[in-house]
Amino acid sequence: MKTIAVINMKGGCAKTTTTVNMAHILAKDYGKRVLVIDNDKQGNLSKACGVWSYDNLSLADILTGEAGITEVIQTTQNPLLNAVPANMHLLTANLMVIKDEEREQAAILKNQLEEVADAYDYCIIDCPPDINISVINALVAADEVIIPIKIDGYAFDGMDELEEQINNAKQLNPKLKLRGCLVTMFYNRDVCRQGEEWLQNQRYPVFKTHIRRTEKADEVTFTNESLMEYSPRSGAARDYKAFVKEYLEV
Ligand SMILES: Nc1ncnc2c1ncn2[C@@H]1O[C@H](COP(=O)(O)OP(=O)(O)O)[C@@H](O)[C@H]1O
Ligand SMILES: [Mg+2]
């Protein structure tokens, strides 16, 4: 199983959209067995996968040791796609994990994922826009990091801090690699083109494919579908397919 953390310190840069669509494409087009993990208390990924609930077991229970991962994993409409949901309980769980110095705080998720490593080809962890102990757990469990970036004046804020966190996590997880930045919500104007060019000249790897901005991305959040199902011909849906192809080829 390859584990990918989708992360950026900024909100609204398409972390969840990228996780949902990458997972669906890997499952539908490539027949891969995929586990997605919602690591954001907002539960957007859980809602997109139709598994959100305030009462069911969730990532919070895995982190606090209340439940094992196999009890928490839920099935979705796609038989190859399973999900670990999250909800607001993740907030308290993070505080509990930090206080409990007797446990290996940063490796809880990694240890739990080892139990299901043979059941999935890919595990994609959708992170929140900050760094807390559940995000550090994601970085310690992951093989690779993907950073979705929406080009605007604030797009690169927090990149140095994120890089520092990735480097810190490498002490516990030497295999961790920044696989690439993915430009999202791209539109064909100078600001986007120049921002993308600037990013390509920095020290971070950048995927060649960018994801075009499309209205359908907002519409789809009112459904339990991915863009692939809701609007397969939209620019963003086609770009996500090209992105996954590039991801698998490189
Ligand atoms: N390619 C896109 N084009 C237009 N809007 C998008 C695109 N990707 C995502 N969005 C919208 O941007 C908002 C933030 O996306 P989301 O994936 O929730 O970001 P994050 O998880 O980083 O906070 C959502 O309203 C989503 O519908
Ligand atoms: Mg999100």
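Both ligands and their constituent atoms are indexed starting at 1 by order of listing.
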Note to self: Please check if the number of heavy atoms outside Asp118 that lie under 6.0 Å from its CG is greater than 12.
What the structure shows: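 Atom CG in Asp118 is not packed in, count stays at 12 or less.
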Note to self: I'd like to know whether NZ of Lys47 has more than 12 heavy-atom contacts from other residues, nucleotides or ligands below 6.0 angstrom.
What the structure shows: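 Yes, enclosed.
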Considering heavy atoms of the protein only, find what lies nearest to [atom] and give residue, atom and distance to 0.1 Å.
atom: atom 17 (O) of ligand 1; value: Thr17 OG1, 2.6 Å
atom: atom 19 (O) of ligand 1; value: Ala14 N, 3.0 Å
atom: atom 1 (N) of ligand 1; value: Arg212 O, 3.0 Å
atom: atom 18 (O) of ligand 1; value: Thr16 CB, 4.1 Å

Taking both backbone and side-chain atoms of [X], is any N or O found less than 3.5 Å from an N or O belonging to ligand 1?
X: Glu215; result: no
X: Ala217; result: yes
X: Lys10; result: no
X: Gly12; result: yes

Item checked: Ring-face cation of Arg33 near Tyr122 (centre distance under 6.0 Å, axis angle within 45°) ->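 Verdict for Tyr122: no cation-pi partner in Arg33.
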Item checked: Backbone N/O of Ile108 and side chain of Asn137: donor-acceptor pair under 3.5 Å ->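 Yes.
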Note to self: Using a 3.5 Å distance criterion without hydrogens, assess whether the side chain of Asn21 forms a donor-acceptor pair with backbone atoms of Leu227.
What the structure shows: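 Yes; judged by distance alone, with no hydrogens or angles, the pair exists.
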Item checked: Non-hydrogen atom of Thr214 closer than 4.0 Å to ligand 1 ->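 Right, Thr214 reaches ligand 1.
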Item checked: Min heavy-atom dist Gln42 to ligand 1 below 4.0 Å ->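 No, Gln42 has no heavy atoms under 4.0 Å from ligand 1.
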Margin query: Less than 4.0 angstrom from a charged side-chain N to a carboxylate O is my criterion; do Arg193 and Glu197 meet it?
Written below: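 Glu197 and Arg193: not salt-bridged.
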Margin query: Restricting to N/O/S atoms, is Thr17 within less than 2.8 Å of the Mg ion (ligand 2) or not?
Written below: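 No, outside the cut-off.
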Notebook entry, point to check: Does some side-chain heavy atom of Lys41 sit less than 4.5 Å from a side-chain heavy atom of Asn94?
Noted result: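 Side chain of Asn94 against side chain of Lys41, heavy atoms only: no contact under 4.5 Å found.
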Checklist line | Shortest reach to atom 12 (O) of ligand 1 by a heavy atom, considering only Met185, Lys15, Lys150 | finding: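 Minimum heavy-atom distance to atom 12 (O) of ligand 1 goes to Met185.
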Considering only heavy atoms of [X], which atoms of ligand 1 have at least one such atom less than 4.0 Å away?
X: Asp218; answer: 11 (C), 24 (C), 25 (O), 26 (C), 27 (O)
X: Thr221; answer: 27 (O)
X: Cys13; answer: 19 (O), 20 (P), 22 (O)

Notebook entry, point to check: Measuring from Gln42:CD to Asp126:CG, what's the distance to the nearest 0.5 Å?
Noted result: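 The CG atom of Asp126 is 11.0 Å from CD of Gln42, to the nearest 0.5 Å.
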Next item on the list: Could you please spell out the steps behind the side chain to side chain contact (heavy atoms under 4.5 Å, CB included) verdict for Lys175 and Glu144?
Entry: CA-CA 8 Å; Lys175 69 178 185 308; Glu144 299 180 341; over 6 Å; no
Check: Parallel under 30°, tilted from 30 to 60°, perpendicular over 60°: which one fits the rings of Phe243 and Phe207?
Finding: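 Perpendicular, since the angle between the ring planes exceeds 60°.
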